[in-house]
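Worksheet: one structure, shown below.
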Amino acid sequence: MKEIRVRFAPSPTGPLHIGGVRTALYNYLFARKHHGKFLLRIEDTDQTRFVPGAEEYIIESLKWCGIQFDEGVHIGGPYAPYRQSDRKELYHQYALQLLNNGTAYYAFDTPEELEALRKDSESRKETFQYGPLTRKGLKNSLVLSGEDVEALLQSGEHYVIRVKIPENETIVVQDLIRGRVSVESMLLDDKVLYKSDGMPTYHLANVVDDYLMKISHVIRGEEWLPSAPLHVLLYRYFGWEADMPEFAHLPLLLKPDGNGKLSKRDGDRLGFPVFPLRWTDPKSGEVSSGYRESGYLPEAFINMLALLGWNPGTEQEVFSIEELIQAFSIERVGKSGSKFDPEKAKWFNHHYMSGLDDREVSILLGNILKEREIEVSPDFLLSVSAIIKDRAVLIPDLWEQSHYFFVAPVSWDEKVIQKFWKPETPALLQKLSEILANTEDFTVENIDTVVKTYINDNGLGMGQIMNTLRLALVGGSFGPGVSAMISLLGKNETLNRIDKAIANLGS
RNA sequence: GGUCCGUUCGUCUAACGGUUAGGACGCCAGGUUUUCAUCCUGGUAAUAGGGGUUCGAUUCCCCUACGGACUACCA
């Protein structure tokens, strides 16, 4: 059986958005599942759209996601180079091959001439097509004499090389997801294969490179489906039909509301990241948020993404990357586009956060404390982590849910004061404080008993004490159980905070 | 406009001719927690419309509607 080789082939025109990450993920899962190879090829044949830093961004993003390559622009491999601009010389000979076998031709029409033709067609509510029907009336080597063509080439006239689409043929693409897709050749354009700047277009470069790199399956976005027949045709023109990869065109990721392809704008508008990592546009300086910086765990991010367009056919939906590899199959990728749901992304992250063990949580929280220059003992950090981890959806929530363990309150929630802080409160807390001062056993269970006994013995209401005690401890109406907090804070800190609250709030 | 692709709860989706159309997110209600979350239990909610084919259509075919992608010397 042929070795499975797939590629992810982005162009470095900006940050990779989550649709691109998903395409990379599916390629990766497919490769691993079949013990094949996964490679990263950079498609930078359009020099005008090059964005500095984009290539590095793509590599770092996928690394963060845990998607690993076997070959690629950043690690090399047997089919190097993996950057198309570094393969520039290669493409010309392949364009010549098609020229020589009559399946491509030189065209000398200027962009301005073509633009005029398009405008003209448009005014008659038609679409201009450079194809089987019109190419005979244009400026190309199909109509010009050999000498004229030669003269034009010699004179340094700008030219492009176009594919010669056959006139009456049904071209069939077999797609692993969509089945048989066919299109009439007359409707296809004589697409440019080789540009006047000496670079190939995507169509030429991707076919040549996929062939040379022995790609077995092309798994890419649905936006490529309309040009897939052209690619099939090119394999035939090159005589590579026997080695043509299989195609799978993935459905699109749609915006959460309304319809249409998910875009950067949607993230800004609806307040969720569209990119794996934060991106700063080198030109405008505009910053787009990323999943990493927003505090998502890569495992959760990937799990969420994997299920957007694919499902295992079982009711399992929490998958480690290894489980995804085991379960993945192209056949179970859906046909229709998926709307991205930021709420579900959060659910996944919360699920993964609470699945972390205390030690792992303490590392995450420890990093936050380090940034804030707060030092605590590892034991205390671990205990706090354990008690708050279920309360955090995103990593920064770890701090939101625990800061009061590290920093004593300096202000107290006005609403809670209004509601619970009564004239007798200071005396009641003072008395409880004295009892706690004489308590040696600060385990949660014992504190619980001590506090409740105090309440019962004095005929007080639970709410009366618990709410004010909580207020004294953390400054508001939040946090884990009161007894648990007292136990963690320890005797000194607890007594200090009660004293401080009484002193500040008085009666 | 043309070509191609698509259409099951609000969302992600299962059911590859026979199910009370299943699960998850969200939402709602109850329980736990006398804070708030978590968690647990329950509930809400869908086959776009119309024709066929068939004993029987979510499932197969056709039409309509709607949506999307593509339509550059961009990828």
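Here is the naming used below: chain letters follow the sequence lines, and residue numbers restart at 1 for every chain. Quantities reported herein were computed from a predicted structural model and do not represent experimental measurements.
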Atom P, compared across C63(B) and G6(B): separation rounded to whole Å | 14 Å
Which part of the nucleic acid, if any, lies within reach of T314(A) when heavy atoms closer than 4.0 Å are counted: base, sugar-phosphate only, or nothing?
-> nothing
Mind checking the C1' distance from U44(B) to C28(B)? Whole angstroms is fine.
-> 7 Å
Roughly how far apart, to the nearest Å, are G22(B) and C5(B) at atom P?
-> 32 Å
What integer number of Å spans the C1' atoms of A69(B) and A75(B)?
-> 14 Å
Summarise protein proximity over nucleotides 18-25 of chain B in one line of letters, 5' to 3': B for base, S for sugar-phosphate only, - for none, counting protein heavy atoms closer than 4.0 Å.
-> ----SSBS
Within residues 400-409 of chain A, those residues having any heavy atom closer than 4.0 Å to RNA chain B are none
Distance, C1' atom - from U20(B) to U38(B), rounded to whole angstrom | 33 Å
Just jot down the side-chain hydrogen bond (donor to acceptor under 3.5 Å, both in side chains) partners of S121(A), sequence neighbours excluded, or say none.
-> none
Using ring-ring contact (aromatic ring centres under 6.0 Å, His included) as the criterion, list what pairs up with H350(A), not counting sequence neighbours.
-> none
What integer distance in Å separates L270(A):CG from G26(B):C1'?
-> 15 Å
RNA chain B-proximal residues of residues 468-486 of chain A, any heavy atom under 4.0 Å | R470(A), S477(A), F478(A), G479(A), P480(A), G481(A)
Could I get the full list of side chain to side chain contact (heavy atoms under 4.5 Å, CB included) partners for A116(A), not counting sequence neighbours?
-> none
SB check R269(A) D257(A) (cutoff 4.0 Å) = yes
R391(A) CZ to U38(B) C1', straight-line distance once rounded to whole Å = 7 Å
Respond yes when some side-chain nitrogen or oxygen of N311(A) is under 4.0 Å from OP1 or OP2 of A14(B), and no when none is.
-> yes
What does nucleotides 69-75 of chain B look like as a protein-contact string, B for base, S for sugar-phosphate only, - for none, at under 4.0 angstrom between heavy atoms?
-> SSS-BBB
Applying ring pair (Phe, Tyr, Trp, His ring centres under 6.0 Å), which residue pairs with at least one partner in residues 164-206 of chain A are found, sequence neighbours left out?
-> H92(A)-Y194(A), Y202(A)-W224(A), Y202(A)-H231(A), H203(A)-H231(A)
Under 4.0 Å between a side-chain N or O of S336(A) and OP1 or OP2 of C5(B)?
-> no
Could you tell me whether K264(A) atom NZ has more than 12 heavy atoms of other residues or ligands within 6.0 Å of it?
-> yes
Is there a Watson-Crick or G-U wobble partner for C60(B) with both distances under 3.5 Å, and if so, which one is it?
-> G52(B)
Salt bridge present between K139(A) and D109(A) (N-O < 4.0 angstrom) = no
With sequence neighbours excluded, tell me which residues meet ring-ring contact (aromatic ring centres under 6.0 Å, His included) with F8(A).
-> none
Atom P, compared across U58(B) and G68(B): separation rounded to whole Å | 27 Å
Pairwise distance CD1(I177(A)) to CH2(W310(A)) - rounded to 0.5 angstrom | 13.0 Å
Considering residues at least two apart in sequence or located in another chain, which fulfil the ring-ring contact (aromatic ring centres under 6.0 Å, His included) criterion with Y237(A)?
-> none
Is U20(B) paired to anything, Watson-Crick or G-U wobble with both distances less than 3.5 Å, and if yes, which nucleotide?
-> none
Integer-rounded Å distance: C4(B) P and L230(A) CG = 16 Å
Counting only Watson-Crick or G-U wobble pairs whose two distances fall under 3.5 Å, which nucleotide matches A45(B)?
-> none
d(CG, L307(A); C1', U11(B)) in whole Å = 13 Å
What is the distance, rounded to the nearest whole Å, between atom NZ of K339(A) and atom C1' of U7(B)?
-> 11 Å
Which one is paired to U3(B), where only Watson-Crick or G-U wobble pairs with both distances under 3.5 angstrom count?
-> A69(B)
pair_partner(C25(B)), Watson-Crick or wobble, both distances < 3.5 Å, evaluates to G10(B)
For K335(A) and for H350(A), find the nucleotide of RNA chain B with the closest heavy atom, then tell me which residue's nucleotide is more 5'.
-> K335(A)
For nucleotides A14(B) and C73(B), find the distance between their P atoms and express it as a whole number of Å.
-> 39 Å
Separation of atom NZ in K119(A) from atom P in G1(B), rounded to whole Å | 21 Å
Heavy-atom neighbours of K164(A) NZ exceed 12 at 6.0 Å = no
Atom CZ of F348(A) and atom P of G26(B): how far apart are they, to the nearest Å?
-> 11 Å
Residues E122(A) and R118(A) bridged, charged N to O under 4.0 Å = no
If you round to the nearest 0.5 Å, how far is OH of Y26(A) from CZ of F328(A)?
-> 6.0 Å
In the structure shown, which nucleotide is the Watson-Crick or G-U wobble counterpart of A37(B), with both distances under 3.5 Å?
-> none
Which whole number of Å gives the distance between the C1' atom of G10(B) and that of A45(B)?
-> 9 Å
Would you mind checking if K335(A) and E222(A) are paired as a salt bridge, meaning a charged N to carboxylate O distance below 4.0 Å?
-> no
How many Å lie between CG on N303(A) and P on C12(B), as a whole number?
-> 17 Å
For Q326(A), enumerate each residue passing the side-chain hydrogen bond (donor to acceptor under 3.5 Å, both in side chains) test, keeping only those at least two apart in sequence or located in another chain.
-> none
Candidates C5(B), A14(B), C39(B) - which lies nearest the side chain of R332(A) | A14(B)
Residue set satisfying ring-ring contact (aromatic ring centres under 6.0 Å, His included) with F50(A), at least two apart, ordered chain then number -> none
